Amino acid sequence: MSESIFIGGSGKDEVLSLKLANRHGLITGATGTGKTVTLQILAEGFSKAGVPVFCADVKGDLSGIAMPGDPKDFLLKRAEQIGIADSYDFEGFPTVFWDLFGEQGHPLRATVSEIGPLLLARILDLNDTQEGVLNIAFELADDEGLLLLDLKDLRAMIAHVGERAPELSKVYGNVSAASVGAIQRALLVLEREGADQFFGEPALDIADFARTTRDGLGIVNILAADKLMHSPRLYATFLLWMLSELFEELPEVGDPEKPKLVFFFDEAHLLFTEAPKALLQKVEQVVRLIRSKGVGVYFVTQNPLDVPDTVLAQLGNRVQHALRAFTPRDQKAVRAAAETFRPNPDLDTAQVITELGVGEALVSTLEGKGIPSVVQRTLIRPPASRMGPVTPAERRDCIESSPIYGLYERTRDRESAYEVLLERARKQQEREEGERGREADEEARSGTRRTRSGFQVPDFGRDDTRGPSREPARRPRASSRDSVVEAGMKSAARSLGSSLGRALVRGVLGSLKRGF
């Protein structure tokens with residue numbers, strides 16, 4: 001059992017081989033059938049095997065993995081039914097809590113440059129034309145060494161692109177005022193949803209997910225996602241960004257004896273709903289290739305039809321809880337789920353899927369040379385940790401005692417595109433005011449004045465000592481460059497110090513690679 005994770009009993013032990021755990025997996029089933037408990041026992045098994053885990057806690061009850069479970073009668077009965085009563089014990093597991101909003105865990109941030117234009121275009125729901133303008137903004141930022149760290153930087157950069165539209169259109173392609181305005185409006189909506197707390201520094205170091213304790217247990221990283229679920233595009237973008245970061249940063253390891261890291265993506269349909277074809281292709285590419293980096297990806301959703309076929313084909317380890325065939329789509333899902341399993345001559349798989357009780361599932365995992373096992377009706381083992389959420393006090397204790405406490409709690413504010421563009425605008429305004437002052441001095445010395453069109457008008461001996469002119473002196477107007485840039489920058493400044501120049505490299509999802 002040290003080379004596998006015990007899932008449950010079907011008359012024999014159903015296990016997940018650690019050597020094949022990085023071949024990815026799928027946990028499906030209707031609401032209330034036991035998907036979360038299955039996720040919990042797998043996370044416990046990986047942690048015991050020394051494999052760090054990341055999982056999104058959508059309902060809040062997965063947080064209980066940090067605390068020992070309670071010896072309830074139905075848990076003890078299930079342990080006896082599957083023959084583990086003598087070894088069944090209750091224990092908590094080392095847990096680190098995260099939260100994009102910094103309320104229920106360590107703050108979790110990424111810079112705009114790391115997210116990249118492809119994922120940002122999705123989160124902003126941009127059309128092809130608007131996405132093109134967003135790509136121009138990123139390309140211009142790279143060419144001019146302007147760092148995009150937070151939303152203020154991006155809004156300033158979009159405004160800068162808008163004011164230089166005639167010039168940039170000749171080099172990068174057409175830049176329309178309508179597209180610039182649409183992007184700015186979308187950024188404002190995103191900021192009001194709380195995304196301004198996610199974009200910034202210090203950015204997450206993916207290595208902080210891949211930690212183990214001194215006694216060799218894998219850390220269980222739990223993302224508080226109950227509030228995040230109200231911003232599904234932000235949730236999906238964050239999860240896809242994490243996959244791309246792992247794909248870019250981790251070295252090739254082939255087929256290790258156990259995974260380096262395992263991700264559970266709950267409510268996986270949010271990753272794929274209304275996703276453009278280009279993005280789905282990137283997700284498929286990352287899922288297919290990240291296996292060789294030693295990373296296992298497990299999708300958790302209600303219906304197997306929620307996952308595109310190209311991704312579903314990569315998921316070798318399957319746990320199917322009950323589905324209810326009330327509608328034609330439900331019946332189609334049942335047939336699709338049954339057909340993906342290796343048949344068992346003793347089971348009518350499609351019929352059994354609709355008859356499974358809570359805590360029961362059809363299980364098929366990879367064995368031998370990566371061949372799926374025959375599907376078996378299985379009683380899922382009870383968890384050793386708590387079934388239910390931690391209390392606020394327990395959560396706070398976990399946060400303050402975690403190994404990364406203090407690394408992400410305080411934001412960092414450095415020089416970036418916002419400050420650079422603001423400084424450029426200020427210097428431009430000073431130059432223009434200086435030029436206007438010199439022109440006024442020249443006019444005063446020559447005794448001439450100019451019309452608005454620039455023609456000189458003779459003084460005709462006008463006596464300026466008679467008093468002020470009828471028309472009061474006008475204040476010099478700020479340049480259009482200044483007004484547009486300052487309109488896009490209303491918050492305090494950020495930035496990075498040194499220029500990256502033109503040699504920035506972007507990764508598989510358009511995100512900025514680290515190490516430059």
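Computed from a predicted model, the values in this text were never measured in an experiment.
Heavy atoms only, all atoms of each residue included: N127 and Q130 are closest at OD1-N, 2.8 Å. Heavy-atom minimum distance, L168 versus L140: CD1-CD2, 3.8 Å. Taking every heavy atom of both residues into account, I290 and L243 meet most closely at CD1-O, 3.8 Å. For the residue pair L148 and A417, the shortest heavy atom distance occurs at CD2-CB, 3.8 Å. Annotation for V53 and L261: closest pair N-CD1, 4.2 Å, computed over non-hydrogen atoms. When every heavy atom of R109 is checked against every heavy atom of P107, the shortest pair comes out as NH2-CB, 3.6 Å.
Partners of T213 according to the side-chain contact (heavy atoms from CB on, under 4.5 Å) rule, which considers only residues two or more places apart in sequence or in another chain, are P94, D215, L217, I219. Legend: residues meeting side-chain hydrogen bond (donor to acceptor under 3.5 Å, both in side chains) with T36, ordered by chain and number and at least two apart, are K59. With sequence neighbours excluded, no residue satisfies side-chain contact (heavy atoms from CB on, under 4.5 Å) with K170. K227 is linked by a salt bridge (Lys or Arg N to Asp or Glu O under 4.0 Å) to E103, counting only residues two or more places apart in sequence or in another chain. Partners of T38 under the side-chain hydrogen bond (donor to acceptor under 3.5 Å, both in side chains) rule, at least two apart in sequence or in another chain, are H321. In this structure, E439 has no salt bridge (Lys or Arg N to Asp or Glu O under 4.0 Å) partners at least two apart in sequence or on a different chain. In terms of the side-chain contact (heavy atoms from CB on, under 4.5 Å) criterion, residue partners of P389 (sequence neighbours excluded) are, by chain and number, D61, S63. In this structure V253 satisfies the side-chain contact (heavy atoms from CB on, under 4.5 Å) test together with P256, K260, sequence neighbours excluded. For the salt bridge (Lys or Arg N to Asp or Glu O under 4.0 Å) test, residues two or more places apart in sequence or in another chain that qualify with D255 are R23, R291. Every ring pair (Phe, Tyr, Trp, His ring centres under 6.0 Å) that F54 has, sequence neighbours left out, goes to F209, F263.
Checking side-chain atoms of N221 against main-chain N and O of V96 turns up no donor-acceptor pair under 3.5 Å. Using a distance-only test at 3.5 Å, with no hydrogens or angles considered, no donor-acceptor pair links the side chain of E163 to the main chain of H160. Put simply, the side chain of K35 never gets that close to the backbone of T301: no donor and acceptor are under 3.5 Å apart. The backbone N or O of Y298 sits nowhere less than 3.5 Å from a side-chain atom of H24 that would complete a donor-acceptor pair. Q40 places a side-chain N or O within 3.5 Å of a backbone atom of R386 that can act as its donor or acceptor partner. Within the 3.5 Å criterion, the main-chain N or O of L250 finds a donor-acceptor partner in the side chain of K293. With hydrogens and angles disregarded, a donor-acceptor distance shorter than 3.5 Å links the side chain of S402 to the backbone of I399. Counting only distance, with no hydrogens or angles, the side chain of S47 and the backbone of G45 share no donor-acceptor pair below 3.5 Å. The backbone N or O of L228 lies less than 3.5 Å from no partner atom in the side chain of S231, so there is not a single donor-acceptor pair. Counting only distance, with no hydrogens or angles, the side chain of E114 and the backbone of T111 share a donor-acceptor pair below 3.5 Å.
Put simply, the side chain of V420 reaches to within 4.5 Å of the side chain of R424, judged on heavy atoms. Using a 4.5 Å heavy-atom threshold, the side chains of L187 and L154 count as touching. At least one side-chain heavy atom of V133 sits less than 4.5 Å from a side-chain heavy atom of I183. With a 4.5 Å cut-off on side-chain heavy atoms, L407 and P202 do not count as touching. No side-chain heavy atom of M67 sits under 4.5 Å from any side-chain heavy atom of S385. Looking at heavy atoms from C-beta onward, F264 lies out of side-chain contact with V220 at the 4.5 angstrom threshold. With a 4.5 Å cut-off on side-chain heavy atoms, Y172 and N135 do not count as touching. Between F299 and I27, every side-chain heavy-atom pair lies at or beyond the 4.5 Å cut-off.
Atoms CD1 and CG, from I404 and D205 in turn, are 10.0 Å apart once rounded to the nearest 0.5 Å. To the nearest 0.5 angstrom, I65 atom CD1 is 6.5 Å from F93 atom CZ. Between the CD atom in Q314 and the CG atom in D309 there is a gap of 11.5 Å [rounded to 0.5 Å]. A distance of 8.5 Å separates CG in L126 from CG in L120, rounded to the nearest 0.5 Å. If you take CD on E131 and OG on S179, they are separated by 11.5 Å, rounding to the nearest 0.5 Å.
Relative ring orientation between H106 and Y405 is described as tilted, the plane-to-plane angle lying within the 30° to 60° band.
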| request: Take Q428 and R431 through the side chain to side chain donor-acceptor pair (under 3.5 Å) test and state the conclusion after the steps. | output: CA-CA 5 Å; Q428 178 68 15; R431 284 195 297 270; 2.5 Å; yes
| For D208 and Y408, what are the C-alpha separation, side-chain angles and deciding distance, and is it a side chain to side chain donor-acceptor pair (under 3.5 Å)? | CA-CA 11 Å; D208 285 331; Y408 297 101; 2.4 Å; yes
| task | Could you check Q302 against T28 for side chain to side chain donor-acceptor pair (under 3.5 Å), going step by step and ending with a plain yes or no? | result | CA-CA 5 Å; Q302 293 190 14; T28 52; over 6 Å; no
| message | The test is side chain to side chain donor-acceptor pair (under 3.5 Å); show your working for Y235 and D266 and say whether it passes. | response | CA-CA 11 Å; Y235 173 69; D266 202 1; over 6 Å; no
| Verdict with reasoning, E201 to R410, per salt bridge (charged side-chain N to carboxylate O under 4.0 Å, His left out) | CA-CA 9 Å; E201 289 189 308; R410 304 184 70 177; over 6 Å; no
| said: Go through it in stages, so that I can follow the logic: the residues are R426 and E430, the test is salt bridge (charged side-chain N to carboxylate O under 4.0 Å, His left out), and I'd like the CA-CA distance, side-chain angles, deciding distance and then a yes or no. | reply: CA-CA 6 Å; R426 184 187 65 79; E430 290 178 352; 2.4 Å; yes
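Ion pairing between K427 and E432 fails under the 4.0 Å rule for side-chain N and carboxylate O. The pair E191-R155 meets the salt-bridge criterion, since a charged nitrogen lies less than 4.0 angstrom from a carboxylate oxygen. Looking at E284 and R288, a side-chain N of the basic residue comes within less than 4.0 Å of a carboxylate O on the acidic one, giving a salt bridge.
Counted within 6.0 Å of CG on D441, heavy atoms from surrounding residues, nucleotides or ligands total more than 12; the atom is thus considered enclosed.
For residues 420-442, there are no ring-ring contact (aromatic ring centres under 6.0 Å, His included) pairs, not counting sequence neighbours. Under the salt bridge (Lys or Arg N to Asp or Glu O under 4.0 Å) criterion, the residue pairs touching residues 299-308 are D306-R329, with sequence neighbours excluded.
By the 6.0 Å and 45° rule, R395 stacks over the aromatic ring of F97.
No side-chain donor from either of Q104 and D57 sits under 3.5 Å from a side-chain acceptor of the other.
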